[in-house]
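Here is the structure we will look at, set down as structure tokens.
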There are 2 protein chains.
Amino acid sequence: MDTSPVATLRHFNRAWSQRVGALDASFLGSGRPLGPSRLLFEIGPDGVGVRTLRRRLGLDSGYLSRLLRQLEDDGLVEVVADPADGRRRLATLTAKGRRERRKVDDRSERLARALVAPLTQTQRSRLDEALATAERLLRAATVVLEPVDALAPEAVAAVSSYFDELDRRFPGGFDPGDAIPHDAAGFAPPYGVFVLARGDDEVAACGGVQRLPDGVAEIKRMWVDPAWRGAGLGARMLGHLEAEAARLGHDVVRLDTNSTLVEAISMYEHAGYRSIERYNDNPYARRWFEKRLDGG
Amino acid sequence: MDTSPVATLRHFNRAWSQRVGALDASFLGSGRPLGPSRLLFEIGPDGVGVRTLRRRLGLDSGYLSRLLRQLEDDGLVEVVADPADGRRRLATLTAKGRRERRKVDDRSERLARALVAPLTQTQRSRLDEALATAERLLRAATVVLEPVDALAPEAVAAVSSYFDELDRRFPGGFDPGDAIPHDAAGFAPPYGVFVLARGDDEVAACGGVQRLPDGVAEIKRMWVDPAWRGAGLGARMLGHLEAEAARLGHDVVRLDTNSTLVEAISMYEHAGYRSIERYNDNPYARRWFEKRLDGG
DNA sequence: GCGATTCTCTGACTACAGTCAGAGAATGGA
DNA sequence: TCCATTCTCTGACTGTAGTCAGAGAATCGC
């Protein structure tokens with residue numbers, strides 16, 4: 001039933017935080033409070049902008065500033081102005097900071113190791129698989145879909161990744177031409193929409209709806225980042241775009257695809273799309289699909 | 001490899017605490033800090049001893065006392081002296097406290113529900129299964145085995161549960177007679193040992209080693225609590241008892257069992273035991289096994 | 001019955017996490 | 001060039017979590 005995963009989730013949460021919460025508390029063992037330790041981790045070996053840190057850790061700017069100052073006083077990080085924009089500042093680890101970070105890392109690693117030590121090899125693989133599955137699903141569950149301007153930098157980046165993938169997968173490659181600016185007009189309200197799926201501050205998927213000349217809706221540029229595949233994000237995006245199309249007043253959606261994209265084709269068929277005749281002159285398309293939104 | 005579950009574990013921990021840590025923080029939404037909220041939960045509908053609370057939550061006695069006082073002032077709990085022992089105190093929820101507890105519970109439930117809401121039914125079941133598997137394995141991994149006196153209350157309770165199970169499973173029932181006090185002598189050092197597996201403050205499994213009249217070691221009273229089965233605890237206990245036998249100077253161990261206990265038999269065979277002739281006059285035994293500890 | 005022990009409570013702290021308001025430098029757009 | 005905005009930092013707070021020492025009542029073991 002529906003209640004089961006919820007109960008399991010809550011139950012698991014208690015068990016987990018009792019046992020493995022120790023992995024966080026391990027930061028404490030380093031003689032440094034949690035805040036600075038997490039920060040040390042998040043800065044990473046290559047340094048990062050203060051602004052990014054603030055967003056990633058969800059900290060108050062004043063608080064973060066003080067934490068950084070503390071680490072700086074201990075000689076673990078260096079904070080310098082961003083040469084590209086004097087308002088921003090960049091934090092990097094010093095040699096001492098990198099050592100310290102490794103120490104905390106080792107500590108956490110040892111704790112994790114000790115935790116699984118009593119398990120047999122088989123049980124460890126089962127645990128590994130279970131946690132990986134759970135994480136993938138949880139990550140996918142917390143992805144949020146939101147409409148954006150098709151020319152917003154993140155949108156452009158996502159579509160470019162999509163085109164790059166097409167170029168790698170199509171036997172003859174793929175030439176986008178001026179597709180991005182050309183699409184943008186079609187994805188703009190009130191006749192279309194472009195949607196980004198965001199998780200962990202990353203773009204996980206994208207897709208858009210536009211109106212074909214004959215008034216029917218078309219779904220285009222649907223793409224899921226490889227790192228996010230296998231958790232039903234494609235189907236969710238598809239459903240979301242269909243709902244958007246319906247909201248825009250359509251009761252039929254179409255889409256085209258290339259025979260190479262077998263996962264996509266099976267997803268469309270699974271979602272109730274049926275094959276139709278060529279409805280456009282897209283030179284890369286080999287298959288055309290249509291779905292009635294009222295369930296017909 | 002060995003490193004993989006460790007990496008997954010640590011990775012999962014980050015993802016989990018970022019997303020689902022919200023389930024804890026949800027306590028905060030009740031206008032009450034985490035400490036008192038957790039306490040409200042742990043007291044439960046039936047009330048509980050303060051001492052138990054302290055152990056379960058791992059709190060300082062002074063701190064706990066203050067937390068309880070706070071909840072008492074809010075009219076949520078009542079703390080009264082234990083009639084059986086005037087030093088101890090018992091905490092119970094008032095009607096208002098029960099309402100408040102339910103409110104927090106609902107809140108957490110809703111959050112968990114919202115978390116899995118974007119997933120399809122199939123994905124939810126997969127998540128459910130993955131989390132349940134992970135929890136079972138983690139619980140098993142944190143079980144600790146330790147030698148105890150065979151007449152300690154927990155040991156007696158465990159063996160009694162074992163006998164009860166035999167009585168239910170054997171076609172003709174099982175009569176323990178004076179087995180418990182009789183065993184105790186054999187399990188006592190220096191010739192024997194009795195081991196309890198403890199997890200979550202519960203007894204998860206038990207088992208003992210004693211010396212047969214002919215000088216060979218015998219493993220007896222091995223039992224895993226039904227709630228803890230399916231995570232390899234039996235095999236772990238068996239291995240542990242073999243190691244204990246070796247430590248006591250033996251290089252051969254024997255054990256007997258009833259044909260009804262099929263899981264046990266397959267575990268013994270899997271662990272390298274081979275069937276032998278009857279070596280004792282146990283009226284309930286139908287199968288007898290032996291294993292050389294040096295690997296022969 | 002008496003001393004040692006167990007159990008809870010009080011007082012006096014400390015450290016950590018985080019918020020809020022506002023100042024000041026750098027930048028971008030009209 | 002100037003005004004609004006962005007970004008970081010400082011000062012002044014608040015609340016929560018938790019520790020430590022010790023007092024006082026009840027109980028246990030002899």
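If you're wondering where the values come from, they're calculated on a predicted model, not measured in any experiment. By convention in this document, chain letters (A, B, ...) are assigned in the order of the sequence lines, proteins followed by strands, and residues within each chain are numbered from 1. The figures that follow rest on heavy atoms only: side chains count, while hydrogens, waters and symmetry mates do not.
Taking 4.0 Å as the cut-off between side-chain N and carboxylate O, Arg89(A) and Asp82(A) do not count as a salt-bridged pair. Using a cutoff of 4.0 Å between basic side-chain nitrogens and carboxylate oxygens, Arg88(B) and Asp85(B) are scored as salt-bridged. Between Asp74(A) and Arg32(A), at least one side-chain nitrogen of the basic residue sits less than 4.0 Å from a carboxylate oxygen of the acidic one, meeting the salt-bridge criterion. A salt bridge does not link Arg38(B) with Glu42(B): none of the charged nitrogens is closer than 4.0 Å to a carboxylate oxygen.
Straight-line distance from the CG atom of Leu71(B) to the P atom of dC9(C): 13 Å, rounded to whole Å. Atom CG of Leu53(B) and atom P of dC9(C) are 11 Å apart (whole Å). Distance Leu64(B) CG to dT10(C) C1': 14 Å, rounded to the nearest Å. The separation between Leu39(A) atom CG and dA17(C) atom P is 11 Å, rounded to whole Å. Atom CG in Leu90(B) sits roughly 11 Å away from atom P in dC9(C) (whole-Å rounding). Rounded to a whole Å, the CG atom of Leu57(B) is 16 Å from the C1' atom of dT8(C). Whole-Å rounding puts the Gln70(A) CD to dT10(D) P distance at 13 Å.
Within the 4.0 Å cut-off from OP1 or OP2 of dC7(D), not a single side-chain nitrogen or oxygen of Arg89(A) is found. Taking 4.0 angstrom as the limit, Arg88(A) places none of its side-chain polar atoms (N or O) nearer than this to OP1 or OP2 of dT8(D).
Listed nucleotides dC9(C), dT8(C), dC9(D) differ in distance to Arg51(B); the shortest reach to its side chain belongs to dT8(C).
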Report, as a single string ordered 5' to 3', how protein heavy atoms within less than 4.0 Å touch nucleotides 17-30 of chain D: B base, S sugar-phosphate only, - not at all.
SBBB-----BS---
Does the pair Leu59(B) and Arg66(B) meet the rule for a side chain to side chain contact (heavy atoms under 4.5 Å, CB included), with working shown?
CA-CA 11 Å; Leu59(B) 297 176; Arg66(B) 240 180 299 270; over 6 Å; no
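Proximity of a side-chain donor or acceptor of Thr94(B) to a complementary backbone N or O of Gly75(B) within less than 3.5 Å is detected.
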